[in-house]
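Note on naming: letters A, B, ... go to the chains in the order of the sequence lines (proteins, then strands), and numbering restarts at 1 for each one.
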Protein chains: 2
Amino acid sequence: MPVTLKELAARASVHPSTVSRVANRDPKLRIAAGTRDRIEALLKETEYRPNGVARGLKLRQTFVLAVVIPDITNPFFAGLFRGIEDGTAPHGYNVLLCNTDGSIARQQSHLQSLNARRVDGVVLASTFLNDPAVRWLRHQRIPYVLVNRFSDEGNDPFVGSDDVAGAYLATRHLIELGHNRIGHLAGQATVSTGMLRRRGYRAALAAAGLAADPELEAEAGYAEDGGALATQRLLSLDNPPTAIFAVTDMTAIGTYAVARRMNLRIPQDLAIVGYNDIPLASRLIPGLTTVHVPIHEFGTAAARILLDQVEKGEVSPKRVVFTPELVVRGSTVSDFPV
Amino acid sequence: MPVTLKELAARASVHPSTVSRVANRDPKLRIAAGTRDRIEALLKETEYRPNGVARGLKLRQTFVLAVVIPDITNPFFAGLFRGIEDGTAPHGYNVLLCNTDGSIARQQSHLQSLNARRVDGVVLASTFLNDPAVRWLRHQRIPYVLVNRFSDEGNDPFVGSDDVAGAYLATRHLIELGHNRIGHLAGQATVSTGMLRRRGYRAALAAAGLAADPELEAEAGYAEDGGALATQRLLSLDNPPTAIFAVTDMTAIGTYAVARRMNLRIPQDLAIVGYNDIPLASRLIPGLTTVHVPIHEFGTAAARILLDQVEKGEVSPKRVVFTPELVVRGSTVSDFPV
DNA sequence: TAAGATAGAGCAATCGTTTGTTCAACGCAA
DNA sequence: TTGCGTTGAACAAACGATTGCTCTATCTTA
């Protein structure tokens, strides 16, 4: 058992409060140099570290944050987590990681548990539109910040990218390459990124005077297998697309798998654009053209917003929206250098 | 502020301890049916959840575990984490994630912090040989389990694979394909996997009557860039290897990048074998031949061992060692089906 | 020398639960 | 009526730290 304040007090023949004040270098109270030195020596010798649980109870602050995401094995969220940890660790926080696998029930159960643990704040990256969990967080007065996806437009602290603009860039790129049947592997309509990226896709088509063909939009979700299934559906159309814009890179990877199985050449037979620019995108063959967003900075920005709430009690919801950039690689341009 | 026991007690005109016993369904003490119902109704109505911090202080158990790894963006560790969470969440635990980036200082600082927080146990996957941090954990009597890497042979709770056997399999595979100059991208000699996989590599060479050429062993570490650098060194030898066994898949990916830059065909000009079989391995082109280990089960097994210590107070160090299997793909066999 | 200021450290309440012990009231048998 | 066994719930002491307040010396100063 680690040493306690009381034990140290007994050994130094002083009151526990005195030891506490020395350990915390309490500026408000003077301690005689002699006793201070004696106690400090004891602190070093015993390597005293205050019990974080007791401290959390008294101070009503645990220095624990939580990150709630769909799945850490998705490289996007792994990068995001690193950003958050890198942004909060220097301030003495530890971070709980909770995976929801996209299940609203698991999300809620995690949040309940986090609340009971009195975490100081939550980064929520698994939210969907009109999410009751977000209202619940607000009601419980738990500091939180939404990342990548939002729930109610404009009302919550948020870090993300301009999804409409990003999707517009991606689609316009394909149009400029001469494609006029462009499929979209869409995210769920219940998720902000799904809704907005679809909107950007349609806007780009409209701006180019291309008719939007509902057949060319297939809900695929955010994982590889959903992307593969939806791609198969699109490619089995009577008049299949020659290019595909996928709502995320992971979704696009599903397209790669199908294209390979069907012996379609990328990009000659099928051009592909993704979204997020996860590290994996540049390692695919051919490299995946995608919409770049600063994943790690999503995390550090979210960390800053959250800590501002926790430590400074900031109340006005901050929003950080990054402007996405198109990164062209071999999945759309055949003579792209390796 | 969430409701407390004391407030509920006041509302029900009973003592807090009575509410506590109702909430916990304390079997040892009888409560009159009437008061029990009254209190239970109140518990539902207010959605009372005990304050985890206060509970942790009293019970000396926090239901928080920690996972210490080099880097969550490495898919191996992401999969491992999922295994751990999947194995512990059903028992009511939350999990802190700590990245060390391989720095011994960061590892120690994380462990100090975790100890101060009174986490119930630690999964340590970033240890090295003869690691003082492991002795420290033992001394502090913090339940722990080592994963993938061990510190002192045979003395700690451990989950991993038979590294020597796995490396032997990989190297023998290359020998059977006719290679006789086989390079090894080695892990650090200070890490058990580095040491043992190198040993397995040498054993396979010896068994085949091939001389071990020290020039063919290049320390590469466990990340892509180290793998790339070491590959360049090997390939610029007077008599370069025709095949490479990399200590991990991520290291092997560095080799892919170099081979591509140098216009070497895989496997015709350079055959490659990795270790771990991360999901990415099968998505590379060509697919990476590698030594498969059950990553997710590493996590669930570690979870079980840790919980046995925490909940049953098990003291005898358990060891779970999986037998690795070779997975052959296109990086060693050119006519491998896509 | 008396009064007031100040330095230094102890006191005690508190954060929210848990749990062994005590205690009052009631029922029932002798 | 006395006494004893039960029942049901209150009491109170932790768990380990923090912090406003009190209190006693000692020191200034007039």
Hey, which sits more toward the 5' end of DNA chain D by its nearest nucleotide, B:S17 or A:R55?
-> B:S17
Is B:Y48 near enough to C:dG16 that one of its side-chain N or O atoms lies under 4.0 angstrom from OP1 or OP2?
-> no
To the nearest Å, how far apart are B:R30 CZ and C:dC23 C1'?
-> 14 Å
Return the value, rounded to whole Å, for the distance between atom CD of B:Q61 and atom P of C:dT17.
-> 17 Å
State, to 0.1 Å, how close B:A116 and A:R49 come at their nearest heavy-atom pair, and which atoms those are.
-> CB-CB, 4.4 Å
Tell me whether the OP1 or OP2 atom of C:dA9 has a side-chain N or O from A:T18 closer than 4.0 Å.
-> no
Phosphate contact (D:dA9 OP1 or OP2) by B:T35 side-chain N/O below 4.0 Å = yes
Rounded to whole angstrom units, what separation is found between the CZ atom of A:R38 and the P atom of C:dG8?
-> 14 Å
Could you tell me the separation between the NZ atom of B:K6 and the C1' atom of D:dC11, rounded to a whole number of Å?
-> 14 Å
Let me know the distance between CD1 of A:I39 and P of C:dG8, rounded to the nearest Å.
-> 13 Å
Take A:I31 and A:R118, find for each the nucleotide of DNA chain C with the closest heavy atom, and name the residue whose nucleotide sits nearer the 5' end.
-> A:I31
Donor-acceptor pair (no angle test) under 3.5 Å: A:R21 side chain, C:dG10 base = yes
Rounded to the nearest angstrom, tell me the gap between atom CD in A:E7 and atom P in D:dA14.
-> 14 Å
Phosphate-side-chain proximity, B:N24 and C:dT18, N/O vs OP1/OP2 below 4.0 Å | yes
Atom CG of B:L8 and atom P of C:dT18 are separated, to the nearest Å, by 12 Å
